[in-house]
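Heads up, the thing below is written out as structure tokens.
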2 protein chains.
Amino acid sequence: MSTRERKQREMQEREAKILECARPMFIEGGYNGLNMDRLTSLLEYSKGTIYNHFSCKEEIIITLAIQTLEKRLAMFQKASLFQGTSRERIAAIGAAAELFVKTYPDHFCVEQTIRLDSIWDKTSEERRKLMSNYEHRCIGIVGGIVRDGVSRGDVILGNSATPEEIVFGLWSMSMGGYSIITTSNSLSELGISEPYEMLRRNFNRFLDGIQWQPLSTEVDYDAVYDRVTREVFGNELQQNTV
Amino acid sequence: MSTRERKQREMQEREAKILECARPMFIEGGYNGLNMDRLTSLLEYSKGTIYNHFSCKEEIIITLAIQTLEKRLAMFQKASLFQGTSRERIAAIGAAAELFVKTYPDHFCVEQTIRLDSIWDKTSEERRKLMSNYEHRCIGIVGGIVRDGVSRGDVILGNSATPEEIVFGLWSMSMGGYSIITTSNSLSELGISEPYEMLRRNFNRFLDGIQWQPLSTEVDYDAVYDRVTREVFGNELQQNTV
DNA sequence: CACTATTTTGACGGATCGTCATTTTAAGTC
DNA sequence: GACTTAAAATGACGATCCGTCAAAATAGTG
């Protein structure tokens, strides 16, 4: 009885097609640009069929976000296997994050939309959990490296500081930095010409601030970024499918 | 002929009323929550009258953002007058930023919506300029303090680093941090219990990283935060009108 | 008061989301 | 292949909401 699994596969394929069609529409025109009527006319499926997959527009959007978060997790996992000092491994994650943003430059627009309460509240508990899960696992990877750095003695956290606090710092700076980069229209006016390089250096300043050894004055972490980009993600750079 | 100025005043007052009514609607339900039909029914003005003030919904939303950005600029300006070392003055700005977020917790939701291209593109050039202007002036204040720190010799920027780069770092971390704080639903799950305190400490780590004297190990900048909150903004804490 | 300019009004056109009764397709059985 | 039944697809439709504009109301002026 292969009927069941064939249907499942067809379901899967159709879902992929819907998302494939919806993504450029959303990227182009945001929440309002994703037009359900136009989506049905572009696809070979009717309204009702699409609504069998996604109970509302918001469900499509959150699924678009989940698709790229999945990619990011995979990239973080790959980067976390990089062999080196604990601080080099953090740099490897940084490289992964930067590469992710550059590969999926529209991810932040989607995520920004999703995070708005008005959208978030209309999505299913199931997909929300899924999305949070991908996020938490990314954070978990960073936390693991921080704890590793502490246990190896590369970084000493005082009485009040926790690994989570350091993760929160890195998270804040990357979230804010990439948000500014991808949504701000006038960076050059503000004297910010090479934002990615700047952001990297600022990460290093933060890590220098907690004396995470070896300091950026001793090691050229830009070289680590380059190595990771080449060695770990070299093959990923050619293929840029969503 | 006081007719003209009376009309101007009436116009002003009506605009204020419209925004006053629109704000809670937007905060409650976001872009879709701000319903133009409901807005007219709640106000004593009709559709057409409202559209005499704002050419579209997006114009109302960006004006809501401008209103609070105006408040933030005023707070930054006030904080920048704080007497102390250059690093204490940065801390004073940090206190202002934190107070701003706590006073107008919904600002980031509005700003997040505005920054989405699909909304941004529908707003008038005039109001966009206005909004950018408030933002740039806030950034300018921080830049001024950084340059002051450099000229006083409190912080030494190497060959490659620029004041703008340091500003970008502080900007990224605050933008990201406050965004996470105001829109994330599960901070405690991630071991982040006192996010504002954490963020402050992370600012200090970043500034320690560039060796901005005196370091946070020498001076208790939390005390500066408290002083600024009390001395500079003490009277602001009672009145919490928008 | 009469005439004109300006402002206000709200009904309406157009667009879009999500539903659901109906039709079509597919599966199972003899 | 014919018949029955279950499942899935369809798209017309109701409901909602944005922005417009011709008509009505109001204010200004001599």
Side-chain angles (χ1 to χ4, degrees), chain A residues 1-18 21-22 25-26 28-64 113-114 116 118-124 127, chain B residues 1-15 17-19 21-22 25-26 28-64 113-114 116 118-124 127:
Chain A
M1 173 82 56
S2 69
T3 303
R4 178 153 237 101
E5 59 187 54
R6 180 177 58 84
K7 289 219 168 176
Q8 286 270 314
R9 201 184 57 237
E10 282 177 358
M11 203 79 173
Q12 212 72 23
E13 284 168 6
R14 192 161 46 195
E15 192 155 312
K17 275 189 186 171
I18 294 171
C21 184
M25 287 176 73
F26 182 88
E28 185 55 39
Y31 179 82
N32 286 320
L34 177 52
N35 182 311
M36 299 303 280
D37 281 323
R38 212 157 74 83
L39 188 65
T40 58
S41 74
L42 288 175
L43 289 165
E44 55 181 325
Y45 316 115
S46 74
K47 211 77 163 297
T49 304
I50 290 175
Y51 276 88
N52 271 350
H53 288 265
F54 303 98
S55 66
C56 62
K57 209 173 140 167
E58 286 78 6
E59 284 280 284
I60 295 181
I61 300 174
I62 194 174
T63 308
L64 290 177
T113 304
I114 291 292
L116 295 171
S118 50
I119 309 290
W120 185 256
D121 292 345
K122 289 183 187 160
T123 58
S124 66
R127 287 210 169 85
Chain B
M1 173 84 53
S2 67
T3 303
R4 178 153 237 102
E5 60 186 56
R6 180 176 59 82
K7 288 216 168 177
Q8 285 271 314
R9 199 183 58 236
E10 281 177 358
M11 203 79 172
Q12 212 70 26
E13 283 168 5
R14 192 160 46 192
E15 192 156 311
K17 274 189 187 171
I18 293 171
L19 293 167
C21 184
M25 286 176 74
F26 182 87
E28 184 56 37
Y31 179 82
N32 286 321
L34 176 52
N35 182 310
M36 299 305 279
D37 283 321
R38 212 157 72 83
L39 188 65
T40 58
S41 75
L42 288 174
L43 289 164
E44 55 181 327
Y45 316 116
S46 75
K47 212 72 162 302
T49 303
I50 290 174
Y51 275 88
N52 271 351
H53 288 265
F54 303 98
S55 66
C56 62
K57 208 173 142 168
E58 286 78 7
E59 284 279 283
I60 295 181
I61 300 174
I62 194 175
T63 308
L64 290 177
T113 304
I114 291 292
L116 295 171
S118 50
I119 310 290
W120 185 255
D121 292 345
K122 289 183 188 159
T123 57
S124 66
R127 286 209 169 86

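- Here CD of E15(B) is found 11.0 Å from CG of N52(B). Values are rounded to the nearest 0.5 Å.
- Residue I50(A) holds its CD1 atom at 9.5 Å from CZ of R14(A), rounded to the nearest 0.5 Å.
- Residue contacts shown for L34(B) are limited to sugar-phosphate atoms, with no base heavy atom under 4.0 Å away.
- Of the residues in residues 37-45 of chain A, those placing a heavy atom less than 4.0 Å from an atom of DNA chain C are D37(A), in numerical order.
- Rounded to an integer number of Å, the gap from OH of Y51(A) to P of dC20(C) is 13 Å.
- Residue whose closest nucleotide on DNA chain C sits further toward the 5' end, between K47(A) and M11(B): M11(B).
- Within the model, atoms OG of S124(B) and CD of E58(B) stand 11.0 Å from one another, a figure rounded to the nearest 0.5 Å.
- Residue-level contact check: N32(B) touches neither bases nor backbone, having no heavy atom under 4.0 Å from any strand.
- Side-chain proximity of M36(A) to the nucleotides dG10(C), dC17(C), dG19(D) is greatest for dC17(C).
- Around atom CD of Q12(A), no more than 12 heavy atoms belonging to other residues, nucleotides or ligands sit under 6.0 Å away.
- The structure places CD1 of I18(B) at 10.0 Å from OG1 of T63(B), a figure rounded to the nearest 0.5 Å.
- Side-chain N/O atoms of N35(A) include one lying less than 4.0 angstrom from OP1 or OP2 on dC17(C).
- When rounded to the nearest whole Å, the span between CD1 of I50(B) and C1' of dT20(D) equals 15 Å.
- The CZ atom of F54(A) sits 14 Å away from the P atom of dA9(D) (whole-angstrom rounding).
- Distance, E10(B) CD to dT26(D) P: 14 Å, rounded to whole Å.
- As rounded to whole Å, 16 Å separates atom P of dT16(C) from atom NZ of K122(A).
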